[in-house]
Every structure is written in C-alpha cells, then in structure tokens.
Trainee: 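Input: one structure, supplied below.
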Amino acid sequence: SNLLIEGFYTALNDVFYLESLGKDPVSGTLVQERRNGNGARVYGANIDYKIAHGKEAQLQLGFTVQRSRYTEAVRWSEDVAAIKRMPRTPDYYGYFTFSSAPLKNFDFSLSGVYTGRMIVPHFAGYIEKDRLEHTPDFMDFNLKLNYTFVLNDHLKLQVNGGVQNIFNAFQKDLDKGMNR
C-alpha cells in the first residue's frame, strides 16, 4: 500500500478573465474580450491512496480540496455581481480506480471521477439575462474489460470493451438552443 499527502500553492500573475463588451449592433451576438486581471491564487491539498494484492485486486483513490480565487473580484457581466471565486473550478474533486485480473487472460477495471459543485456563468440568449449558478456535484463511472487470446508463444490478440460514463452523469443545467 502507499499513501501520499501533498499540498500546493500557485500564484498567478496577470490572470485571464473575460469581460463583456456588450452586443454587436448588427448580429446581436455577445462580444467578450479576454483581458489580464490582477492575479489569482490556487491552493489546496490532495490525498492519494493505493493498495494492491498482486494482480488479483488493486485500488487507487484520491481526493483534492482546492481553492481558486482571484486576488480582486472580477465582474463577468453587467447583470452579475463581481466575484473572487474562479468560475468552472470545483473546490472538491476526486477519483478511484479498481482493477483486477481474476482469470489468467481476463482483467477489468472500474473507475470513477467525482466533480464537486462549482459556479458557472450562464449568458443571456437561452435565458433572459446573465447569471451565475451553483452546479450540483456529480460522479461518472467507467468500466473496461480486456481478454487476451494467446495465439502462440510470440503472438497474442487482446480484445477490449468498455463503457465510459455509465450513468450519463454531467452538469445538467447547460444552456441549450441556437442562442446559447
């Protein structure tokens, strides 16, 4: 088994952010400009754990707690208050992978990724006016199967199959339609 605990801190200078310049008078399309802001700090800690019992079973999992904050509040839209929290960055996320080779030529893995709540900007078009929303957390699961056919001493054929995101987990409040 193996346990890893680590911390991290990153100072970002001249961090990018998007600023609304209004709508194009001809097409009505929202125009945004990427600008350099003052800065941001990304810091946190993560823990990773791995345990194995030969090829029969291996489990690896990890979890991260993180804060991504601008040093000064940024305004993404005239309709929304300025915020220090970086959008689209969860404060909590994690993963796991379980793999096993229960038979001589067969192995499989089951894995998952957890994405915590985050703030996401939604812009007018699909909705009436710009707004920031907290997304719910979600977790996706994946399954991979492998079977190896031994054709002779030097030649093997491996057949793989699997399913990504078994339960179709994703951020449910995505903008829709031609005006998104």
Side-chain angles (χ1 to χ4, degrees), residues 1-20 32-77 79-102 107-123 130-146 160 162-175 180:
S1 80
N2 183 7
L3 176 67
L4 171 68
I5 300 171
E6 58 188 353
F8 57 91
Y9 177 87
T10 304
L12 303 169
N13 297 321
D14 302 322
V15 69
F16 288 130
Y17 72 96
L18 295 174
E19 184 171 306
S20 176
Q32 291 183 313
E33 183 175 74
R34 186 176 297 217
R35 295 192 175 179
N36 289 78
N38 291 316
R41 306 291 179 260
V42 179
Y43 56 94
N46 66 295
I47 184 168
D48 285 293
Y49 181 69
K50 183 176 184 178
I51 187 167
H53 186 267
K55 287 187 174 184
E56 291 91 34
Q58 298 175 5
L59 176 66
Q60 184 170 353
L61 44 94
F63 192 78
T64 301
V65 176
Q66 163 183 301
R67 298 292 178 262
S68 303
R69 304 294 188 261
Y70 294 111
T71 55
E72 291 184 20
V74 173
R75 186 175 207 133
W76 291 78
S77 163
D79 297 333
V80 178
I83 58 169
K84 280 193 162 189
R85 184 174 176 183
M86 283 187 181
R88 298 183 185 94
T89 57
D91 286 341
Y92 305 101
Y93 53 94
Y95 75 95
F96 80 91
T97 302
F98 175 77
S99 56
S100 179
D107 63 272
F108 73 93
S109 66
L110 176 67
S111 62
V113 175
Y114 168 76
T115 302
R117 293 172 45 113
M118 61 187 120
I119 291 177
V120 175
H122 288 280
F123 297 101
D130 298 347
R131 68 176 181 244
L132 290 172
E133 292 186 6
H134 283 83
T135 65
D137 59 349
F138 62 93
M139 185 156 186
D140 64 272
F141 292 91
N142 311 296
L143 176 66
K144 182 179 177 185
L145 308 169
N146 303 310
N160 300 293
V163 179
Q164 296 282 4
N165 199 2
I166 294 170
F167 302 113
N168 196 29
F170 61 94
Q171 177 189 328
K172 302 291 190 230
D173 60 345
L174 299 172
D175 294 336
R180 66 173 180 254

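In what follows, every heavy atom counts, from backbone to side chain, and hydrogens, waters and symmetry copies are set aside.
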Trainee: Any non-hydrogen side-chain atom of Glu133 less than 4.5 Å from a side-chain atom of Ile119?
Mentor: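 No; the side chains remain at least 4.5 Å from each other.
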Trainee: Drop me the distance from Leu110's CG to Leu145's CG, to the nearest 0.5 angstrom.
Mentor: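 Atom-to-atom, Leu110:CG and Leu145:CG are 10.0 Å apart.
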Trainee: About how many Å separate CZ of Arg69 and CZ of Arg41, when rounded to the nearest 0.5 Å?
Mentor: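 Interatomic distance, Arg41 CZ to Arg69 CZ, rounded to 0.5 Å: 13.5 Å.
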Trainee: How far apart are the closest heavy atoms of Asp107 and Pro102, and which atoms are they?
Mentor: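 Looks like CA-CD, 4.5 Å.
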Trainee: Have a look at Asp140 and tell me which of Ile166, Asn168, Val113 forms a side chain to side chain contact (heavy atoms under 4.5 Å, CB included) with it.
Mentor: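 With Asp140 as partner, side chain to side chain contact (heavy atoms under 4.5 Å, CB included) holds for just one option, Val113.
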Trainee: Find out whether Leu132 and Pro121 are in side-chain contact, i.e. whether some heavy atom of one side chain is under 4.5 Å from a heavy atom of the other.
Mentor: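 Contact flag for Leu132/Pro121 side chains = yes.
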Trainee: When you measure from the side chain of Arg75 to the backbone N and O of Val80, does any donor-acceptor pair fall under 3.5 Å?
Mentor: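 Answer holds: yes.
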Trainee: Of the non-hydrogen atoms in Thr89 and Ser68, which two are nearest, and what is the gap between them?
Mentor: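 Closest approach of Thr89 to Ser68, heavy atoms only: OG1-CB, 3.7 Å.
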Trainee: Can you tell me how far CD1 of Ile47 sits from CD of Glu6, rounded to the nearest 0.5 angstrom?
Mentor: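 These two atoms lie 10.5 Å from each other.
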Trainee: Please determine whether a side-chain nitrogen of the Lys or Arg among Arg117 and Asp91 lies less than 4.0 Å from a carboxylate oxygen of the Asp or Glu.
Mentor: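 So Arg117 does not pair with Asp91 through a salt bridge.
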Trainee: With rounding to the nearest 0.5 Å, note down the distance linking CD in Gln164 to NZ in Lys144.
Mentor: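 Here the rounded value is 9.0 Å.
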Trainee: State, to 0.1 Å, how close Phe98 and Ser100 come at their nearest heavy-atom pair, and which atoms those are.
Mentor: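 Scanning both residues completely, I find the closest heavy atoms to be CE2-CB, 4.0 Å.
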Trainee: Go through it in stages, so that I can follow the logic: the residues are Tyr43 and Thr10, the test is side chain to side chain contact (heavy atoms under 4.5 Å, CB included), and I'd like the CA-CA distance, side-chain angles, deciding distance and then a yes or no.
Mentor: CA-CA 6 Å; Tyr43 56 94; Thr10 304; over 6 Å; no
Trainee: Please find the pair of heavy atoms, one from Ser111 and one from Thr97, that lie closest to each other, and give the distance.
Mentor: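 So the minimum-distance heavy-atom pair works out to CB-OG1, 3.8 Å.
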Trainee: Is the closest side-chain heavy-atom distance between Val42 and Gln66 below 4.5 Å?
Mentor: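 They are in contact (side-chain heavy atoms under 4.5 Å apart), so the answer is yes.
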Trainee: Looking at Lys50 and Leu59, would you say the former's side chain and the latter's main chain have a donor-acceptor pair under 3.5 Å?
Mentor: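 Flag not set: sc Lys50 to bb Leu59 has no pair under 3.5 Å.
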Trainee: Starting at CD of Gln58, measure out to CD of Gln60 and round the result to the nearest 0.5 Å.
Mentor: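 Between atom CD of Gln58 and atom CD of Gln60 there are 9.0 Å.
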Trainee: Considering only heavy atoms from C-beta outward, does the side chain of Val65 approach that of Phe63 to under 4.5 Å?
Mentor: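 They are in side-chain contact.
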Trainee: Go through the steps for Tyr95 and Asp48 under the test side-chain hydrogen bond (donor to acceptor under 3.5 Å, both in side chains), then give the verdict.
Mentor: CA-CA 9 Å; Tyr95 75 95; Asp48 285 293; 2.6 Å; yes
Trainee: Going by heavy atoms in the side chains, are Tyr92 and Tyr114 under 4.5 Å from each other?
Mentor: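 Of all side-chain heavy-atom pairs linking Tyr114 with Tyr92, at least one is under 4.5 Å.
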Trainee: To the nearest 0.5 Å, what is the distance between OG1 on Thr115 and CE on Met139?
Mentor: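 The OG1 atom of Thr115 sits 9.0 Å away from the CE atom of Met139.
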Trainee: Counting only heavy atoms not in His53, do more than 12 fall under 6.0 Å of its NE2?
Mentor: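 No, not enclosed.
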Trainee: Only counting residues at least two apart or in another chain, list the ones meeting side-chain hydrogen bond (donor to acceptor under 3.5 Å, both in side chains) with Tyr49.
Mentor: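 So Tyr49 forms no side-chain hydrogen bond (donor to acceptor under 3.5 Å, both in side chains) with any residue.
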Trainee: When you compare the side chains of Tyr70 and Asn38, does any donor N or O come within less than 3.5 Å of an acceptor on the partner?
Mentor: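 Looking only at side-chain atoms, Asn38 and Tyr70 do not form any donor-acceptor pair under 3.5 Å.
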Trainee: With side chains defined as the heavy atoms from C-beta onward, is the minimum distance between Phe16 and Asn36 less than 4.5 Å?
Mentor: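 When only atoms from C-beta onward are counted, Asn36 and Phe16 do touch, with a gap below 4.5 Å.
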Trainee: Can you name the ring-ring contact (aromatic ring centres under 6.0 Å, His included) partners of Phe167, sequence neighbours left out?
Mentor: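 Result, ring-ring contact (aromatic ring centres under 6.0 Å, His included) vs Phe167: Phe141.
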